[in-house]
Amino acid sequence: MELPFAESYKIKMVETIRKSTREEREQWIKEAKYNLFNLKSDQVFIDLLTDSGTGAMSDKQWSEMMLGDESYAGASSYYKLKDTIKELLGFEYFLPTHQGRAAENVLFSSLVKEGDLVPGNSHFDTTKGHIEFRKATAIDCTIDEAFDTQKLHPFKGNIDLNKLEEVLKNNPKEKIPFVIVTVTCNSSGGQPVSMQNMKEVKALAEHYDIPVVYDSARFAENAYFIKEREEGYADKTIKQIVKEMFSFADAMTMSSKKDAIVNMGGFIAMRSEEWFRNASVYNIMFEGFVTYGGMSGRDMNALAAGLREGTEYDYLNTRIRQVAYLGEKLTEYGVPVQKPFGGHAIFVDAKRFLPNLPKEQYIAQTLAIELYLEAGVRGVEIGTLLADRDPKTRENRYPDLELLRLAIPRRVYTNNHMDVIAAALKNVYDRREEITSGLKIVREAPIMRHFTVEMEHL
Ligand code: F0G
């Protein structure tokens, strides 16, 4: 008999989680103004709000914490991380930051100015936020296939080269500080970018003399998909693939809370000494001195170890197979989900799930609330709330996709938890005809409103 698949780790420490009753959840979500970010964590049974900073560190990472050097300047932990980044990712210069959006803030402060255009593949909301905050514009050049959840394409994160060229050739190069490639592309469903596409984007950008920056939060998961799906990579190690990926980038921003499996941290890495010098000024102003930039020494040590572990095939295989396990269960139950399954999350197609709700009633948020009420499972809306209003017209922007994201924390839940999540969504799906009204906004922030929005049931 062929041996079944099992996780590439065993469990050394556990944390108790608590179930609740539907009545309790009804009360709590009302008090939370129908915003899942307002719930207390002990009001949640299975927390799929994000895979960011929610992973379980390994025994090796924890032991590295004890070796942290907390010197203000020149800490050995800084050099350990610098050497790891050079070895694994190939960048000469790096700046630590406290998380991914801080890396964006520092780098964009030195590169993006009013009126600029930043083309890329479905920019993540903080990335777009940091562009728009500087009165510049993010232009989405993702391939059209990404916007049909049922269309199978191995690399739905890819940039459409024609769309990109339109931007590059019709604008002066001074207005385009860089092209940004998000690997994997979170906003289009945790979908990977192919090596071929990275190569072509770099060649096209180079032709117009424009640098390329990678938003790298889930670069290792992207490398796993390249190994599994792209011709010529099956026999390469993840570390070889990662090195090749970054050879097509001039710089990267990193939220280490994802693929580096730490609870807090980020960095910028780059080839240009000039970029490093310019960004260092902002790093010192916003984050901290260049050798710690918002991170303690122990955290830089754990991050260095996490980068090594996060680029191991066995770990990634366990991780991505668990996400696929949930996706397959949901598919078996008829629940419409983004296909192929993403690397860090399953994305439920809320428009197909609740076809009778008008888009003005926040379809994906309505579904997220229903799932929470059903079983205490907390997902997150990736739809109209997240898309914010148009900065000029102040009208709601209705994205092509209304998704409920079920992000799976790394090394945290078992497949029994996946079974509960799938059954809960099936139950909601079975009673979908009864869900006839959605939500309205009563209060919202001018930018990144989904974190703090207050809503009411219609
Ligand atoms: N880029 C991508 C692709 C991201 O997914 C995130 C964060 C960031 C940048 C910002 O990093 O949170 O460390 O400041 N994504 C989280 C999520 C929040 O839930 O997907 P950060």
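If you read the sequence from its start, that first residue is 1, and numbering goes on from there. In listed order, ligands and their atoms are each counted from 1.
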For Tyr282, which residues count as a ring pair (Phe, Tyr, Trp, His ring centres under 6.0 Å) partner, sequence neighbours excluded? none

Please list, chain by chain and in numerical order, all residues satisfying ring pair (Phe, Tyr, Trp, His ring centres under 6.0 Å) with Tyr233, sequence neighbours excluded. none

Name the atoms and distances for all side-chain donor-acceptor pairs under 3.5 Å in residues 336-347, with sequence neighbours left out.
residue : atom : partner : partner atom : Å
Gln338  : OE1  : Lys156  : NZ           : 3.0
Gln338  : NE2  : Ser188  : O            : 2.6
His344  : NE2  : Asn186  : OD1          : 3.1

Looking only at the side chains, is there a donor atom on one of Asp250 and Tyr214 sitting less than 3.5 Å from an acceptor on the other? no

Between Thr126 and Glu104, does any side-chain donor sit less than 3.5 Å from a side-chain acceptor? yes

Examine distances only and state if a side-chain atom of Asp299 and a backbone atom of Met295 form a donor-acceptor pair shorter than 3.5 Å. no

Protein residues that have a heavy atom under 4.0 Å from any atom of ligand 1, sorted by chain and number: Thr50, Ser52, Gln99, Gly100, Arg101, Glu104, Phe124, Thr126, Thr182, Asn186, Asp215, Arg218, Ser255, Lys257, Lys258, Arg405

